[in-house]
There are 2 protein chains.
Amino acid sequence: MGDSDKHIIETLISIFTIDKGKVKTLLIRKKDEPYKGYWILPGGILAGNETIETNISNNVFEKCGIYNLYIEQDHIFSDLHRNPEKRVIACSFIGLIDSISIKIKKEERPHIESAWFSLNAIPKMGYDHEQVIEHAIDTLRKKIVNTNILKSLFPSDFTLPELQSVYESILNRPLDRRNFRKKFINLGLIEDTGYKNEGYNGRPAKLYRFKENIKERDLF
Amino acid sequence: MGDSDKHIIETLISIFTIDKGKVKTLLIRKKDEPYKGYWILPGGILAGNETIETNISNNVFEKCGIYNLYIEQDHIFSDLHRNPEKRVIACSFIGLIDSISIKIKKEERPHIESAWFSLNAIPKMGYDHEQVIEHAIDTLRKKIVNTNILKSLFPSDFTLPELQSVYESILNRPLDRRNFRKKFINLGLIEDTGYKNEGYNGRPAKLYRFKENIKERDLF
DNA sequence: GCAAAAGTGTTTTCAATACACCCATGG
DNA sequence: CCATGGGTGTATTGAAAACACTTTTGC
């Protein structure tokens, strides 16, 4: 086996969270050439002594300060020239985290510029990362229709209008409020916490949480 | 970057087809140690000048004589010790082919022993390939509920009882004949060819084909 | 008391399910 | 004419969809 049969593998991750009822994704500004100044997905080079999953977990913690992230494989990108400098094969992941668990202490990572972008305002990105994140969004869209994967996106307290808004932004279409409530409450996945979301305009919304120990199941 | 940051990547594929109304998968007998005599999934080592998709297509043609295979990525297996000799990262695929298109000319490949196995009779396999094929079957099961992915499994002429039998064996539960017909015909994915499947016991079944240019869509 | 957002109930429509009998062919 | 498997219709149930008004809070 020649050296040409060994490959550089990088991991990439599209991390999604909910910020003020909107789905956002975490990007990093690249500091050096190529694509200096462009936004890219977080990730890293796979070393010999780690699985792709441990690599992703470690990278996300080191670069973004996020741990306990829910991750799932998405897709492999192996086009020969996706990296202009050398052949790199990308294993892309989807990550979901609730906003309460995010602690990006910028002062601890002065060398890394990162920001959250709304799905409809993703900037021009380096490499093929726009294609990678589009694939991740598409996978996420397919998944939320049939699974309760979004559980990982929500902290213990959320309102039904917030949940609906997230579904609407990922599915990219409006949903009827009454039917959405009926469906979700009847599914038995969530429960009323007894608290309310006070201090905002209008009538306060009830706060819900996902029940523990609910196995992934079909929704729609 | 040290040499430990470069990796051997292998592709593996679980190829499914329909043989006499049953779903079967193609395995290869390993001829050398380790796992000599065990059955394994077809696949190969990724070279520097190919994508994982071209590698799979080429391997499936060279080792199994199958071309024009529908392929889809399934999962990456990167456990450190999944191969007892060295670190190898596996990119696993799902392949679907209709039985008419299969031409495994054994006389042309005397050095390769291959066989089709029913899903409920998969033998003991080498490496972690049982885990890999289980993952592929599970992915296939999830997909046939919501997509018309099975189009790739059927030649131009098939009967509704055959189609139903395939759904039953992948979903692993019985389906009502009348309701299955109603649903599938109403979906508009298939059309009557006008021919019948004569020469068997009982009333001949109508032959159907998948319509051309139907995009993948939700079924159930 | 008004603006803003949350919460609720009914009707209609359609798909899913359950179920039993007749039909076409081969032998 | 009988054995074998294919084809069909209807009634019921339940979920999805469409739709407008009332309630609770902050200011």
Side-chain angles (χ1 to χ4, degrees), chain A residues 18-22 141-142 144-148 154 157-209 217-220, chain B residues 18-22 141-142 144-148 154 157-209 217-220:
Chain A
I18 311 295
D19 181 29
K20 301 185 190 70
K22 297 288 173 193
R141 183 173 296 126
K142 286 175 180 156
I144 67 163
V145 175
N146 288 308
T147 69
N148 62 353
F154 285 91
D157 289 354
F158 60 88
T159 70
L160 277 176
E162 281 168 358
L163 188 63
Q164 181 180 343
S165 158
V166 170
Y167 270 87
E168 287 176 331
S169 76
I170 297 179
L171 294 177
N172 206 25
R173 63 186 166 91
L175 300 171
D176 182 88
R177 197 163 75 245
R178 291 157 290 191
N179 295 333
F180 183 85
R181 301 174 71 82
K182 211 181 311 176
K183 176 158 196 164
F184 234 94
I185 290 172
N186 287 341
L187 279 167
L189 297 175
I190 60 176
E191 59 191 0
D192 195 336
T193 63
Y195 296 98
K196 288 185 176 181
N197 192 28
E198 299 179 319
Y200 296 90
N201 267 2
R203 175 173 175 173
K206 289 183 188 170
L207 290 169
Y208 291 85
R209 63 176 158 245
R217 49 166 290 188
D218 287 354
L219 294 192
F220 291 81
Chain B
I18 312 295
D19 181 28
K20 302 186 190 68
K22 297 289 172 192
R141 183 173 295 126
K142 286 175 181 156
I144 68 164
V145 176
N146 288 308
T147 69
N148 63 352
F154 285 92
D157 289 353
F158 59 87
T159 70
L160 277 175
E162 281 168 357
L163 188 62
Q164 181 180 342
S165 158
V166 170
Y167 270 87
E168 288 177 330
S169 76
I170 297 178
L171 294 177
N172 205 25
R173 64 186 166 93
L175 300 171
D176 182 88
R177 196 163 77 244
R178 291 157 291 192
N179 295 333
F180 183 85
R181 301 175 69 84
K182 210 182 311 176
K183 176 157 195 165
F184 234 95
I185 290 172
N186 287 341
L187 279 167
L189 296 175
I190 61 176
E191 59 191 1
D192 194 335
T193 62
Y195 296 98
K196 290 185 175 180
N197 192 28
E198 300 180 317
Y200 298 90
N201 268 2
R203 176 173 173 175
K206 289 183 190 172
L207 291 169
Y208 291 85
R209 62 175 157 244
R217 49 166 292 188
D218 288 354
L219 294 194
F220 292 80

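Lettering follows sequence order; numbering is per chain, from 1.
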Exercise for the section: Describe the nucleic acid contact of B:K206 in one word from base, sugar-phosphate, nothing, applying a heavy-atom distance below 4.0 Å. Expected result: sugar-phosphate
Practice task
Hey, which sits more toward the 5' end of DNA chain C by its nearest nucleotide, A:R177 or B:G199?
Solution key: A:R177
Exercise for the section: Using whole Å, report how far CG of B:D192 lies from C1' of D:dG7. Expected result: 12 Å
Problem - Atom-to-atom span, CZ of B:F158 to P of D:dG6 - whole angstrom - result: 15 Å
Practice task
Let me know the distance between OH of A:Y200 and P of D:dG26, rounded to the nearest Å.
Solution key: 13 Å
Exercise for the section: Rounded off to whole Å, could you give me the CZ-to-C1' distance for the B:R178 and C:dC22 pair? Expected result: 12 Å
Fill in the blank from the handout: Of D:dA16, D:dG6, C:dC19, the nucleotide closest to the side chain of B:D176 is C:dC19
Exercise for the section: Measure up the A:F184 and A:Y167 rings against each other and bin them: parallel (under 30°), tilted (30 to 60°), perpendicular (over 60°). Expected result: perpendicular
Problem - Under 3.5 Å donor-acceptor pair, B:K182 side-chain atoms to D:dT10 base atoms - result: yes
Problem - Chi angles and distances behind the side-chain contact (heavy atoms from CB on, under 4.5 Å) call for B:I190, B:F158 - result: CA-CA 10 Å; B:I190 61 176; B:F158 59 87; 3.8 Å; yes
Problem - Shortest side-chain distance from B:E198, nucleotide among C:dC23, C:dT25, D:dT8 - result: C:dT25
Problem - N/O donor-acceptor pair under 3.5 Å between B:T193 side chain and B:R209 backbone - result: no
Handout entry: Comparing A:N179 and B:P161 on DNA chain D - which has the more 5′ nearest nucleotide
Key = B:P161
Problem - Among C:dA16, D:dT8, C:dA5, the nucleotide that comes nearest once only the side chain of A:N201 is considered - result: C:dA5
Problem - A:V166 and A:F154, any side-chain heavy atoms less than 4.5 Å apart - result: yes
Exercise for the section: Provide, to the nearest angstrom, the distance between the NZ atom belonging to A:K183 and the C1' atom belonging to C:dG7. Expected result: 20 Å
Exercise for the section: State which of C:dA24, C:dC19, C:dG7 makes the closest approach to the side chain of A:R181. Expected result: C:dG7
Exercise for the section: Could you check how far CZ of B:F180 sits from P of D:dG7, rounded to whole Å? Expected result: 12 Å
Practice task
Rounded to the nearest angstrom, tell me the gap between atom CG in B:N197 and atom P in C:dT25.
Solution key: 12 Å
Practice task
With the side chain counted from C-beta on, respond yes when B:R141 and B:L171 share a heavy-atom pair under 4.5 Å apart, and no when they do not.
Solution key: yes
Exercise for the section: In whole angstrom, give the distance that lies between atom CZ of B:F184 and atom P of C:dA15. Expected result: 16 Å
